[in-house]
Every structure is written in C-alpha cells, then in structure tokens.
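In each ligand, atom 1 is the first atom listed, and ligand 1 is the first ligand listed.
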Amino acid sequence: MSADNIILIGFMGSGKSAVGRKLARDMNYRFADTDQIIEETEGMKIKDIFEKHGEEHFRDLETKLLKSLLEKTRRTVLSTGGGMPVREENAGLLRSMGKVFYLKTSKETIIGRLHGDESRPLLKGNLDEKAERLLKSREPIYERAADITINTDGKTIDEIINEIKMHIRRD
Ligand code: S3P
C-alpha cells in the first residue's frame, strides 16, 4: 500500500494548487506545492531558474525534491508542477507516495485562465499554439501516471474536491 498522500497532477492552469489547498484544509491534511518548495529552496522564481539554468536543471530539481519528500511526507495533499510526471522516474515516485489524481482540463479552459500569465516559461509566445502542442503530448502521460482522472471543465473547486473525496472514501 502506498503512503496516505493525495497527489495532484495536470497541465499548467488546471487548478492543482487551488484545489489542493482547499482539499487539504477540508481533510485536515497538510498542503505542499512542488513549484513553491523549489522556488523557496532555490531562492528564485521558476521563470528565472529556466532562464538561468535551463529546463533540464529544473527537472533535476523536481526529481531531487520528490526523492527527499518520499520518506517524510504523510497525510499531505501534494500539488505538482505540470511537467512533473513527464519523467518516468518521477511518475513512479509519485505513485509510491499516494493516490495520484489527474485534473484533466481542456485547452480552452487553460487558455482562458493563463491568458496574460508571464510566469510559465513553456508557454511564452503564442499561448494557443504552445498549449495545444504541449497538451497533446502530455495528456497520455498524465493519464498513464494517474490512478484516477477527474474531468474539471465547468466544475467548481468544491465539486472537484467532492469527486476526489468520493474516490478516497471508496478505497
Ligand atoms: C511546468 C509547469 C509549471 C512549472 C514550470 C513547468 C510544466 O507548474 O513547474 O513552469 O512543464 O508544465 P504549474 O503546472 O503549477 O503551472
């Protein structure tokens, strides 16, 4: 049996942090966000880490962080950066930490949410084109990495949380 954490994966703008924070409060769990921890430990914004050290370096930081969280993380809702499960190794680590939920969100919703956002280096430039291409390549990865997929389009945060709780209660 994997540890008792709840892991949220999904594309940028899919609501992992907002859902995760509230879910943790509701369930009396701790909340952790991998992007936030990396920014705090590195003392740099993610955008600047990408700019200064490149994406590979950021991916290494993600893997290193997961390994360090593995043993000590319990009763935690963990919200992950959108690229976290792309590395096979990370997907395996996430699975061993708890139940993995994929917050599936359409390109249209994502674009609506991230329009004007400057903090995501991978979407810099033509948002529509970049989101389309990246989402296409990522969707099968998310599906494979997750225990459960939750369609989030048109749902409120509370509705999404209730679905997650229903799946947790069921097991
Ligand atoms: C990324 C998603 C971002 C952040 C970084 C890379 C990705 O996190 O980790 O910009 O590769 O999809 P959010 O999903 O929280 O935006």
> In sequence, state the C-alpha distance, the side-chain angles, and the governing distance for Lys124 and Lys47, and then conclude on side-chain contact (heavy atoms from CB on, under 4.5 Å).
CA-CA 10 Å; Lys124 226 164 97 183; Lys47 169 164 119 1; over 6 Å; no
> Quick one: look up the protein heavy atom nearest atom 13 (P) of ligand 1 and list residue, atom name and how far away it is.
Asp35 OD2, 3.4 Å
> Ignoring angles and geometry beyond distance, decide whether Gly81 reaches within less than 3.5 Å of ligand 1 through its nitrogen or oxygen atoms.
no
> Any idea which protein heavy atom is nearest atom 14 (O) of ligand 1, and the distance to it?
Lys16 NZ, 2.5 Å
> Is it true that a side-chain atom of Glu129 and a backbone atom of Asn126 form a donor plus acceptor pair closer than 3.5 Å?
no
> Does Lys45 have a non-hydrogen atom less than 4.0 Å from ligand 1?
no
> Do Leu70 and Ile6 belong together in a cluster built from hydrophobic side chains that touch within less than 4.5 Å?
no
> State plainly whether the residues Glu89 and Lys67 are in salt-bridge range, i.e. N to O under 4.0 Å.
yes
> May I ask whether Lys47 has any heavy atom positioned less than 4.0 angstrom from an atom of ligand 1?
no
> Has Arg138 got any heavy atom lying under 4.0 angstrom from an atom of ligand 1?
yes
> For ligand 1, does Arg59 get within less than 4.0 Å through its side chain, its backbone, both, or neither, judged by non-hydrogen atoms?
side chain
> List the closest protein heavy-atom neighbour of atom 16 (O) of ligand 1: residue, atom name, distance to the nearest 0.1 Å.
Arg120 NE, 2.8 Å
> Between Glu139 and Arg144, is there a salt bridge with N-O shorter than 4.0 Å?
no
> I need the atoms of ligand 1 closer than 4.0 Å to a non-hydrogen atom of Pro121, numbered in the order shown.
10 (O)
> In ligand 1, which numbered atoms sit nearer than 4.0 Å to a non-hydrogen atom of Ile46?
5 (C), 10 (O)
> Set out, in order, the CA-CA distance, both residues' side-chain angles and the distance that settles side-chain contact (heavy atoms from CB on, under 4.5 Å) for Phe58 and His53, then state yes or no.
CA-CA 8 Å; Phe58 176 72; His53 304 292; over 6 Å; no
> Checking a contact table here: which protein heavy atom is nearest atom 7 (C) of ligand 1, and how many Å away?
Gly83 N, 3.2 Å
> Under 4.0 Å, heavy atoms only, figure out whether ligand 1 is touched by the backbone of Met84, its side chain, both or neither.
neither
> Counting only heavy atoms closer than 4.0 Å, does ligand 1 sit against the backbone of Leu122, its side chain, both, or neither?
side chain
> Would you call Asp158-Lys22 a salt bridge at under 4.0 Å N-O?
yes
> Measure from the side-chain N and O atoms of Tyr142 to the backbone N and O of Gly82, and report whether any donor-acceptor pair falls under 3.5 Å.
yes
